[in-house]
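When reading the values below, keep in mind they use all heavy atoms of this one structure, side chains included, and skip hydrogens, waters and symmetry mates. Keep in mind that this is a model prediction, so the values were computed, not measured.
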Amino acid sequence: MGKGRILIVDDEVHILELLRYNLESNGYQVVEADTGESALAILEHTHVELVLLDLMLPGIDGLEVLRKIRQSEELTHLPVIMLTAKNKEFDTVIGLELGADDYIGKPFGVHELLARIKAVRRRAKEVAAPKESGQDDTLEIDDLTINKSTHEVIIRGEHLELPLKEFELLTLLASNRGRVFDREYLLEKIWGYDYYGETRTVDVHIRSLRKKLELDDKNPKHIKTVRGVGYKYK
């Protein structure tokens, strides 16, 4: 039995061939698109478990495709891994803030890519798994309410729309109010594997969370930085 269907979106033929060969060799079904427009058309009528999305595409680019996926009610929780050039740090940060689940820089190793796919899919399955009856799914702290089942977040009476990783990060911090988590632990817990030092991923998500959560993200009251250590929910 196959592991599921993955959509690859890239305009470089050799990248598509490389990815198809390695993914199919590891039990995945593969669907290909070489433009953002064709990728969105495929997603309208084809169920996939994950998207490997190149940033640089002809026509609409990868960031716009990601934005449309996250704006879609049917696709908003679809796992997306961005394929980026090593020197495209600015675009990578924007992609994470838009809700990409992960990213990997070109050129990439096949084993690393497969590990990231496995980790992202595992996290998505854990989130989608039904909760045990009687489990308390609502967390309330002062002006913040988090419903772990419905993924609803309310702050000061206003509903927040959070990408999956931001939701998981906020839930972890708020559920352990006052505890300081270092970046390495957060990477392991939220992303599910060692990021080989890419701890700025946590900082990007924290910054994005603060913009939505805080009245003044430059002077945060909820998510505090503990210098030299990490973050905590106050």
Side-chain angles (χ1 to χ4, degrees), residues 50 77 79-82 84 86-105 108-109 111-129 135-148 151 153 155 160-234:
L50 182 142
H77 295 303
V80 177
I81 298 178
M82 305 296 294
T84 74
K86 288 289 187 182
N87 60 350
K88 292 291 184 180
E89 180 171 339
F90 180 72
D91 286 341
T92 299
V93 170
I94 295 176
L96 290 171
E97 291 181 340
L98 286 174
D101 294 276
D102 199 354
Y103 70 93
I104 187 167
F108 49 80
H111 292 299
E112 181 185 4
L113 176 65
L114 291 172
R116 293 184 182 228
I117 290 172
K118 183 178 179 180
V120 168
R121 293 188 71 231
R122 177 179 61 81
R123 293 298 299 162
K125 287 180 179 179
E126 288 176 357
V127 170
Q135 181 173 339
D136 186 4
D137 289 334
T138 302
L139 175 65
E140 295 184 3
I141 302 177
D142 299 330
D143 55 1
L144 174 71
T145 301
I146 300 174
N147 188 305
K148 300 175 185 178
H151 279 210
V153 177
I155 184 76
L160 294 184
E161 293 292 334
L162 297 182
L164 177 58
K165 287 293 177 281
E166 288 182 21
F167 177 85
E168 293 181 338
L169 187 56
L170 175 61
T171 300
L172 175 62
L173 292 173
S175 297
N176 296 273
R177 187 177 188 181
R179 177 180 171 183
V180 182
F181 292 95
D182 62 40
R183 292 169 176 82
E184 288 75 14
Y185 178 87
L186 292 172
L187 283 170
E188 168 63 26
K189 192 66 176 178
I190 302 300
W191 282 263
Y193 63 97
D194 185 356
Y195 247 67
Y196 308 102
E198 292 287 357
T199 54
R200 69 184 183 87
T201 301
V202 173
D203 300 329
V204 169
H205 284 77
I206 290 290
R207 185 167 71 243
S208 181
L209 261 178
R210 282 173 170 165
K211 288 179 180 178
K212 300 168 184 176
L213 198 67
E214 307 283 359
L215 290 172
D216 178 6
D217 63 290
K218 304 300 182 184
N219 184 32
K221 302 297 184 184
H222 295 82
I223 299 177
K224 307 291 287 187
T225 300
V226 180
R227 292 192 178 279
V229 184
Y231 299 102
K232 68 176 181 178
Y233 193 95
K234 187 175 180 180

Looking only at heavy atoms, which two atoms of [X] and [Y] are closest? And how far apart?
X: Pro79; Y: Asp101; answer: CA-OD2, 3.1 Å
X: Pro163; Y: Glu161; answer: CD-O, 4.1 Å
X: Val202; Y: Arg183; answer: CG2-O, 3.8 Å

Within a strict 4.5 Å, meaning less than it, do heavy atoms of the [X] and [Y] side chains meet?
X: Tyr233; Y: Leu172; answer: no
X: Leu169; Y: Lys165; answer: no
X: Leu160; Y: Phe167; answer: no
X: Ile117; Y: Asp102; answer: no
X: Thr225; Y: Ile206; answer: no
X: Ser208; Y: Leu96; answer: no
X: Leu164; Y: His151; answer: yes
X: Val153; Y: Leu144; answer: yes

**Prompt:** Asp142 and side-chain hydrogen bond (donor to acceptor under 3.5 Å, both in side chains): which partner among Lys234, Arg177, His222?
**Reply:** Arg177

**Item:** Side-chain donor or acceptor of Arg116 paired with backbone N/O of Tyr103 under 3.5 Å
**Value:** yes

**Message:** Which residues pass the ring pair (Phe, Tyr, Trp, His ring centres under 6.0 Å) test with Phe181, not counting sequence neighbours?
**Reply:** Tyr185

**Prompt:** Could you give all pairs that pass the salt bridge (Lys or Arg N to Asp or Glu O under 4.0 Å) test and reach residues 204-215, with sequence neighbours left out?
**Reply:** Glu97-Arg207, Glu166-Lys212

**Electrostatic pair Lys221-Asp143, nearest N-O below 4.0 angstrom** = no

**Partner residues of Asn176 under the side chain to side chain donor-acceptor pair (under 3.5 Å) criterion, sequence neighbours left out** = none

